[in-house]
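Here the structure comes first, spelled out in structure tokens, and everything after it is commentary.
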Protein chains: 2
Amino acid sequence: MEQLIKYVNEVSPITKEAEDDFLNIFRKGKLTRNDYFATYGEYSSKIAFVCSGTLRAFYRSKKGQEYNKTIFIPPCFIAAYSSLITRNKNQIYIQALEDCEVLIANYTRASELYDKHHCLERFSRKLSESFFVAKEHREIDIVLLSATERYAKFQKDFPGLEQRIPQYHIASYLGVTPTQLSRIRKELSLP
Amino acid sequence: MEQLIKYVNEVSPITKEAEDDFLNIFRKGKLTRNDYFATYGEYSSKIAFVCSGTLRAFYRSKKGQEYNKTIFIPPCFIAAYSSLITRNKNQIYIQALEDCEVLIANYTRASELYDKHHCLERFSRKLSESFFVAKEHREIDIVLLSATERYAKFQKDFPGLEQRIPQYHIASYLGVTPTQLSRIRKELSLP
DNA sequence: AGTTTTTCTTTACATATGTAAATGACTTTT
DNA sequence: AAAAGTCATTTACATATGTAAAGAAAAACT
């Protein structure tokens with residue numbers, strides 16, 4: 001719980017009263033590797049704070065092909081955010097890549113606290129803004145960098161993770177096939 | 001100005017007092033076709049509400065290649081948002097594709113109003129969330145749709161615009177070369 | 001109207017990446 | 001230890017898309 005409070009206050013400071021109310025809606029939970037936190041087609045209602053472990057968010061095409069759009073490492077929040085905001089059915093999957101310790105809360109209960117504590121609304125705004133910035137960075141990377149450069153950036157952004165998850169998940173995150181990632185790796189190891 | 005107030009209230013209702021303070025920081029402005037609202041390397045400080053006209057936001061690679069990441073049509077806000085949020089140098093360009101009527105405000109002055117009017121902070125949160133959702137949709141489209149499908153979606157999302165801006169801007173928005181867009185158009189016109 | 005500039009299309013070629021299938025290396029399970 | 005399963009690499013081939021350049025068409029300008 002301290003990890004959560006620390007994270008929140010680093011995004012945007014909140015009062016002690018807000019801390020108490022906010023912490024109170026979270027419950028400890030665990031996710032085992034391959035467990036889903038969110039799946040396609042459901043109406044999402046919860047958010048979670050990741051204390052340990054790794055997860056991925058991905059889409060699946062009609063033909064069943066998966067595309068890893070985000071990799072989550074702690075400390076961070078996870079949620080089927082678009083679905084929570086729009087109240088539409090969820091389009092994405094969120095799945096644990098390793099066992100995770102999380103703190104889970106109901107999204108509606110969290111957002112109800114915004115009325116009571118302006119500082120929490122501000123925190124939420126800043127968090128949302130940071131999500132936007134992260135997405136924009138990722139967008140720039142996908143468009144402006146080659147697959148090889150994205151691979152290098154993945155290694156930098158997620159140190160050590162490469163050895164803990166299958167390579168096809170990394171390939172999918174980079175937007176290439178495992179075959180292509182294998183070619184890239186070969187290329188890098190040669191000279 | 002009514003257009004702006006209508007837009008804001010549709011995102012998240014604000015009080016009359018907030019309306020007055022908010023409107024007060026905006027000034028009418030014009031952009032002529034090809035004018036830049038934001039350019040790479042500067043520290044951004046302003047936001048604008050677009051009343052009429054069209055704009056594009058784009059990146060430029062080291063080799064000078066451009067990639068249109070967003071097309072703006074009214075009513076909407078434009079800003080080098082990531083730069084405003086992070087206070088880092090701006091990475092993107094925003095340029096008018098057609099003459100535009102805009103309402104311009106200083107970002108800092110706008111955000112200072114959040115302290116005074118909680119409803120404006122909420123509006124800002126919801127706006128930020130909607131940007132996030134839009135970005136996610138775009139991301140899904142880029143990854144899951146073919147260039148041909150994205151072209152169809154462009155025509156649907158921006159009716160009539162195709163006839164008013166050069167095709168290479170559309171190609172860039174779709175993530176393909178003008179050559180490839182030309183091939184796609186030919187393909188579509190054949191059967 | 002004629003000239004210049006801009007834009008779109010087409011061609012030929014190069015290249016990156018995908019697909020599918022086979023192989024080999026590791027793990028895990030029994 | 002053997003068997004089964006998972007994963008990474010490799011091969012051969014197909015394909016989409018990029019690059020560069022030329023030509024055609026359209027628009028803008030004088």
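Every chain is numbered from 1, with letters handed out A, B, ... down the list of sequences. The figures here come from the full heavy-atom set of this structure, side chains too, leaving out hydrogens, waters and symmetry mates.
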Within this structure, what is the CG-to-C1' distance between A/Leu181 and C/dA16, rounded to whole angstrom? 15 Å
For A/Tyr173 and A/Phe158, take the angle between the two ring planes, folded into 0 to 90°, and tell me which bin it lands in: parallel under 30, tilted 30 to 60, perpendicular over 60. perpendicular
Would you say a side-chain N or O of A/Gln167 is under 4.0 Å from OP1 or OP2 of D/dT9? yes
A/Arg164 has an atom CZ; how far is it from atom C1' of C/dC26, in whole Å? 19 Å
Would you please indicate if the ring centroids of A/Tyr81 and A/Phe77 are separated by under 6.0 Å? no
Would you please classify the geometry between the B/Tyr36 ring and the B/Phe58 ring as parallel, tilted or perpendicular, with 30° and 60° separating the classes? tilted
Starting at CG of B/Asn34 and ending at P of D/dA28, how long is that distance when rounded to a whole Å? 12 Å
Report the nucleotide, chosen from D/dT17, D/dT9, C/dG18, that has the shortest atom-to-atom distance to any side-chain atom of A/Arg185. D/dT9
Answer yes or no: is there an ion pair linking B/Lys6 with B/Glu10, defined by an N-O contact shorter than 4.0 Å? yes
Heavy-atom side-chain contact between B/Glu66 and B/Arg56 under 4.5 Å: yes
Mind calculating the distance between CZ (A/Arg183) and P (D/dA8) to the nearest angstrom? 16 Å
Quickly work out the B/Arg33 CZ to C/dT6 P distance and round it to whole Å. 10 Å
Distance, rounded to the nearest Å, where B/Glu187 contributes CD and C/dT9 contributes C1': 15 Å
From C-beta outward on B/Val176, which listed nucleotide comes closest to its side chain: D/dT10, D/dG18, C/dG18? D/dG18
Measure the distance from CG on B/Leu174 to P on D/dT17 and round it to the nearest whole Å. 11 Å
Taking for each residue the nucleotide of DNA chain D with the nearest heavy atom, is it B/Thr177 or A/Thr179 whose nucleotide lies nearer the 5' end? A/Thr179
Closest of C/dT17, D/dT10, C/dT7 to the B/Tyr168 side chain is C/dT7
Given C/dT17, C/dA20, D/dG18, the nucleotide with the shortest approach to the side chain of A/Gln180: C/dT17
Of the nucleotides D/dT19, C/dT9, D/dT11, which has the atom closest to the B/Pro178 side chain? C/dT9
What is the separation between atom CD on B/Gln163 and atom C1' on C/dT7, rounded to the nearest whole Å? 15 Å
